[in-house]
**Q** 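After the structure tokens below, expect a handful of questions from me.
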Amino acid sequence: MADEKKSTYGKVAVAAVLINLFGLVTSLFTMTVYDRVVPNNATSSLIGLSIGLAIIVVFDFILKLLRAYFVDYAGAQIDLEVGERVFSRLLAIRMDLKKGSTGSLTGLMRELEALRDFFASATMTAIVDVPFILVTLVVVFLIGGSVVLVPLIAIPIVVGVGAFTQPAMDRLSARSMGEGLAKQSVLVEAIGGLEMVKTAGAGPLLKKRWALAVERHSDSSLRQRLISTIGVTTATSAGTISYAGVVIVGVELIAAHDLTMGGLIACSILAGRAVAPLAQISQLLSRITSTRTAYRQLNQMMEMPPEGPEGEALLLTAPKGKLEFRNVSFRYPGAPEKALDEVSFIVEPGERVAILGRVGSGKSTIARLVLGLYPPEDGLVMIDGTDIRQLDPSNMRSHIGAAMQESVLLTGSVRENIILGRPGMDDEEMMRAAELSGTHQFMGQIANGYDLRLADRGEGLSGGQRQSIAIARALAGKPQILVFDEPTSAMDTQTETALIQRLQQEMAGRTFMVITHRPPLLQLVTRVILMDKGKVIMDGPRDEVLKQITRPQKAA
């Protein structure tokens, strides 16, 4: 891929060199016509020169098209390669290191456009055009002598203005990006929770936040564009002054018989061409500032350590399903209190366990640690005696069927939401899991039900239907370990009872951990672990623990 990009940019450079040379030829054509053709009325020479110029114009047109194509092609390749790497790193980001809201991360990914635009724009052309400033000045000197002093004076002025405005551009670019991410965060939050915004009356609050974010972003963007415009406008004005200055100086040289009329016209055209790339450089400096800021932001994410061990990860082939927490403590990032405090227990292979407790007691945190979404602050979380921090996260999770508290569905068909593109998962296995979870009861009655396209997060389905599809997703592939967190909280009693009956046989020989407040689900387990304030306060056979929980407290 790298060699291919080098080859592509090499073609761009060759095309740009030839285009610049053709530009010089146009000026020389004008000089020859005024100095040789017009005084001598050499019509035949004019015809020959015109044919030659026409050929050059055709080749110039073709080369400019090819240059644009090669630049866009190279930019597309960079976009594909870098975009894939960044998205892969985003999926592998450690939850405890994730910074910013969903909107901020979405906006950050959008900054890939700034990188692509930098490489898939006139950037490479401008870089190649810069050396030709010297070539053009040399040609002006050979034709007009001291006339070259005019563009030589204009060039440092343009470069100086660009260098002077660069620090301000850096500051404003970083500020503009930060405020743009804040605006994106408000937008994504409003769209993602639109139903809640309407029902809870959160519109005024979000309108106020949006107006403030837009005002701040507009202010910084306006300042950034203004500073950028100073450099570009200076370069444009310098081109005009250079052209006019050459004409003024050239008149004196013509009077002294040191320059011809054709030479003056050629020098004035070339003087404009000498300064023109500086306008592109001014725009390039603006692009470089935005690109550098985007690169820094993306690089911070790329430098975050990904999930999994630093060295070569271990792969689970056929796990038995033994789970062990050994003196595990954990605190969510920024939280004042520990979510888990020295939690220890062992779940043997094939054992079925329920974790009970009040809200905030640490139940869901146990599920997240089993799935490796967060590393423990202290202690060990192990599967089959191996610390999960040594395991490949994707491989480990392929052996765990998880139905979490929020049944998040993806845009796409019901089939895609159950199979998720996992290898070896066919329609037969999908149907088996759908029948077990109860999904088939409502999807099997619809024509092409499993090809039904779901909207964002499964909008249009009831909460119970979304949970049913999430359970089917967890059961598909017959994973050895199952972790369910409030899997039936949105289901009615009849649907839940039917699901429990179907799962009784399915759970045989597989490790099952369920977090629930629903007593009927306890029929699936043989053991109960009771949590309170991040600690295990009771652990034992289901009936014994339930008996102690429901036993009336003696009066003090």
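Excluded from the calculations below are hydrogen atoms, water molecules and symmetry mates; all remaining heavy atoms, backbone and side chain alike, are included. Each residue takes its place number in the sequence, starting with 1.
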**Q** How about Gln504: does its CD atom have over 12 heavy atoms from other parts shown lying under 6.0 Å from it?
**A**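 Enclosed: over 12 neighbouring heavy atoms sit under 6.0 Å from CD of Gln504.
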**Q** Please identify each residue that fulfils salt bridge (Lys or Arg N to Asp or Glu O under 4.0 Å) with Asp219, with sequence neighbours left out.
**A**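 With neighbours one apart ignored, the set is Arg175, Arg223.
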**Q** Closest heavy-atom contact between Ile388 and Gly372?
**A**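 Heavy-atom minimum between the residues: CD1-CA, 3.8 Å.
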**Q** Could you state the interatomic distance from CD1 (Ile383) to CG (Leu391), rounded to the nearest 0.5 Å?
**A**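 Here the interatomic distance stands at 6.0 Å.
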**Q** Would a 4.5 Å heavy-atom cut-off, applied to side chains only, mark Val353 and Val525 as touching?
**A**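 Sidechains of Val525 and Val353: no contact.
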**Q** Please test Thr365 against Leu369 for side chain to side chain contact (heavy atoms under 4.5 Å, CB included), starting from the C-alpha separation and ending with a verdict.
**A** CA-CA 6 Å; Thr365 303; Leu369 265 61; 3.9 Å; yes
**Q** What pairs of residues pass the side-chain hydrogen bond (donor to acceptor under 3.5 Å, both in side chains) test when at least one of them lies in residues 351-362, not counting sequence neighbours?
**A**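 Qualifying pairs, neighbours excluded: Glu351-Arg527.
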**Q** Could you check whether any side-chain N or O of Asp539 sits under 3.5 Å from a backbone N or O of Ile529, counting only pairs where one atom can act as donor and the other as acceptor?
**A**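 Between the backbone of Ile529 and the side chain of Asp539 there is no qualifying donor-acceptor contact (under 3.5 Å).
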**Q** Can you list every ring pair (Phe, Tyr, Trp, His ring centres under 6.0 Å) pair that touches residues 492-526, not counting sequence neighbours?
**A**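 Every pair satisfying ring pair (Phe, Tyr, Trp, His ring centres under 6.0 Å) with a residue in residues 492-526: Phe484-Phe512.
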**Q** Which pair of heavy atoms, one from Gly438 and one from Ser468, lies closest together, and at what distance?
**A**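 Reported closest heavy-atom pair: C-OG, 3.4 Å.
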**Q** Roughly how far, to the nearest 0.5 Å, is OG1 of Thr386 from CG of Leu380?
**A**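 The distance works out to 11.0 Å.
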**Q** Indicate the atoms forming the closest heavy-atom contact of Glu486 with Gln467, along with that distance.
**A**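 Shortest heavy-atom separation between Glu486 and Gln467 comes out as O-NE2, 3.3 Å.
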**Q** For a side chain to side chain contact (heavy atoms under 4.5 Å, CB included) check, start with the C-alpha distance between Leu546 and Leu522, then their side-chain angles and the critical distance, and finish with the verdict.
**A** CA-CA 10 Å; Leu546 292 179; Leu522 299 180; 3.7 Å; yes
**Q** Roughly how far, to the nearest 0.5 Å, is CE of Met513 from CG of Asp485?
**A**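 Interatomic distance, Asp485 CG to Met513 CE, rounded to 0.5 Å: 11.0 Å.
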**Q** Taking Lys363 for its side chain and Ile355 for its backbone only, find out whether a donor-acceptor pair lies under 3.5 Å.
**A**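 Side chain of Lys363 to backbone of Ile355: no pair is present.
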**Q** Is a side-chain donor or acceptor of Ser437 paired with a backbone partner of Ile469 at a separation under 3.5 angstrom?
**A**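 Checked: no pair found.
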**Q** Which pair of non-hydrogen atoms, one from Pro349 and one from Thr511, has the smallest distance, and what is that distance?
**A**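 That closest heavy-atom pairing would be CA-OG1, 3.6 Å.
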**Q** Using salt bridge (charged side-chain N to carboxylate O under 4.0 Å, His left out), reason through Glu416 and Arg453 one step at a time and then give a plain yes or no.
**A** CA-CA 9 Å; Glu416 289 173 329; Arg453 301 289 297 180; 3.5 Å; yes
**Q** Tell me the closest heavy-atom pair linking Ala472 and Thr439, and the distance in Å.
**A**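 Result for this residue pair: CB-OG1, 3.9 Å.
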**Q** Report the residues that fulfil side chain to side chain contact (heavy atoms under 4.5 Å, CB included) with Arg209, sequence neighbours left out, ordered by chain and then residue number.
**A**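 With sequence neighbours excluded, Arg209 shows a side chain to side chain contact (heavy atoms under 4.5 Å, CB included) to Val186, Glu189, Leu205, Leu206, given in chain and number order.
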**Q** Output the distance between atom CD1 (Ile537) and atom CG (Asp532), rounded to the nearest 0.5 Å.
**A**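 So the CD1 of Ile537 and the CG of Asp532 are separated by 4.5 Å.
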**Q** Using ring pair (Phe, Tyr, Trp, His ring centres under 6.0 Å) as the criterion, list what pairs up with His440, not counting sequence neighbours.
**A**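 His440 satisfies ring pair (Phe, Tyr, Trp, His ring centres under 6.0 Å) with Tyr450 only.
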**Q** Could you list all the side-chain hydrogen bond (donor to acceptor under 3.5 Å, both in side chains) pairs where at least one residue sits in residues 366-378, not counting sequence neighbours?
**A**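 Those involving residues 366-378 are Tyr332-Arg368.
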**Q** Do Arg397 and Leu373 have side chains that get closer than 4.5 Å, going by heavy atoms?
**A**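 Heavy-atom side-chain distance check passes, below 4.5 Å.
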**Q** With no hydrogens and no angle check, is any side-chain donor or acceptor of Glu544 less than 3.5 Å from a backbone partner on Pro541?
**A**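 Judged by distance alone, no pair lies under 3.5 Å.
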**Q** Can you list the residues that meet the salt bridge (Lys or Arg N to Asp or Glu O under 4.0 Å) rule with Glu506, with sequence neighbours excluded?
**A**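 Glu506 satisfies salt bridge (Lys or Arg N to Asp or Glu O under 4.0 Å) with Arg432, Arg510 only.
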**Q** After noting the C-alpha distance and the side-chain angles of Leu409 and Arg473, does the key distance pass the side chain to side chain contact (heavy atoms under 4.5 Å, CB included) rule?
**A** CA-CA 10 Å; Leu409 302 182; Arg473 175 196 297 165; 3.2 Å; yes
**Q** Which residues satisfy the side chain to side chain contact (heavy atoms under 4.5 Å, CB included) test with Arg216, sequence neighbours excluded?
**A**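 If we apply the side chain to side chain contact (heavy atoms under 4.5 Å, CB included) test to Arg216, skipping adjacent residues, the hits are Glu179, Leu212.
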**Q** In chain order, what residues pass the side chain to side chain contact (heavy atoms under 4.5 Å, CB included) check against Asp384, with sequence neighbours excluded?
**A**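 Asp384: side chain to side chain contact (heavy atoms under 4.5 Å, CB included) contacts with Pro319, Lys320, Lys322.
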**Q** Sequence neighbours left out, what passes salt bridge (Lys or Arg N to Asp or Glu O under 4.0 Å) with Asp387? Give chain and number order.
**A**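 Result, salt bridge (Lys or Arg N to Asp or Glu O under 4.0 Å) vs Asp387: Arg389.
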**Q** Give, for atom CZ of Phe345 and atom CD of Glu324, the distance between the pair rounded to the nearest 0.5 Å.
**A**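 Here the interatomic distance stands at 9.5 Å.
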**Q** Is there a side-chain contact between Leu314 and Asp392 (heavy atoms, below 4.5 Å)?
**A**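 Answer no - side chains too far apart.
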**Q** If the test is side chain to side chain contact (heavy atoms under 4.5 Å, CB included), which one of Leu323, Leu482, Leu316, Val483 qualifies with Ile400?
**A**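 By the side chain to side chain contact (heavy atoms under 4.5 Å, CB included) criterion, Ile400 pairs with just one of Leu323, Leu482, Leu316, Val483: Val483.
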**Q** Decide yes or no on side chain to side chain contact (heavy atoms under 4.5 Å, CB included) for Met531 and Ile366, but give the supporting numbers first.
**A** CA-CA 10 Å; Met531 301 287 300; Ile366 289 177; 3.9 Å; yes
**Q** Please check this pair: side chain of Ser176 against backbone of Leu172, looking for a donor-acceptor N/O pair closer than 3.5 Å.
**A**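 A pair under 3.5 Å: no.
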**Q** Can you check whether Asp427's main-chain N or O pairs, donor with acceptor, with Arg415's side chain at less than 3.5 Å?
**A**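 Checked: no pair found.
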**Q** Looking at every heavy atom in both Leu461 and Arg466, which two are closest together, and how far apart are they?
**A**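 In terms of heavy atoms, the two residues are closest at O-NH1, 2.8 Å.
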**Q** How many angstroms lie between atom CD of Gln501 and atom CG of Leu524, to the nearest 0.5 angstrom?
**A**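 Here the rounded value is 10.5 Å.
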**Q** Under a 4.5 Å cut-off applied to non-hydrogen side-chain atoms, are Pro520 and Thr497 in contact?
**A**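 Pro520 does not reach Thr497 side chain to side chain.
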**Q** Treating Gln480 as the side-chain partner and Gly350 as the backbone partner, does any N or O pair qualify as donor plus acceptor under 3.5 Å?
**A**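 No, the answer is negative, given that no donor and acceptor are paired below the 3.5 Å cut-off.
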**Q** May I ask you to decide if Pro393's main-chain N or O and Glu307's side chain share a donor-acceptor pair within less than 3.5 Å?
**A**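 No: the side chain of Glu307 does not pair with the backbone of Pro393.
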**Q** Can you list the residues that meet the side chain to side chain contact (heavy atoms under 4.5 Å, CB included) rule with Ala213, with sequence neighbours excluded?
**A**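 Testing Ala213 for side chain to side chain contact (heavy atoms under 4.5 Å, CB included), a comparison that skips the adjacent residues, returns Lys183.
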**Q** Would you please name every residue forming a salt bridge (Lys or Arg N to Asp or Glu O under 4.0 Å) with Asp341, sequence neighbours left out?
**A**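 Partners of Asp341 by the salt bridge (Lys or Arg N to Asp or Glu O under 4.0 Å) criterion, ordered by chain and then number, come out as Lys535.
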**Q** So, Arg422 and Glu429, do they make that salt bridge, N to O below 4.0 Å?
**A**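 No, no charged N to carboxylate O under 4.0 Å.
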**Q** So, does Ser398 use its side chain to make a donor-acceptor pair with the main chain of Asn395 at under 3.5 Å?
**A**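 A pair under 3.5 Å: yes.
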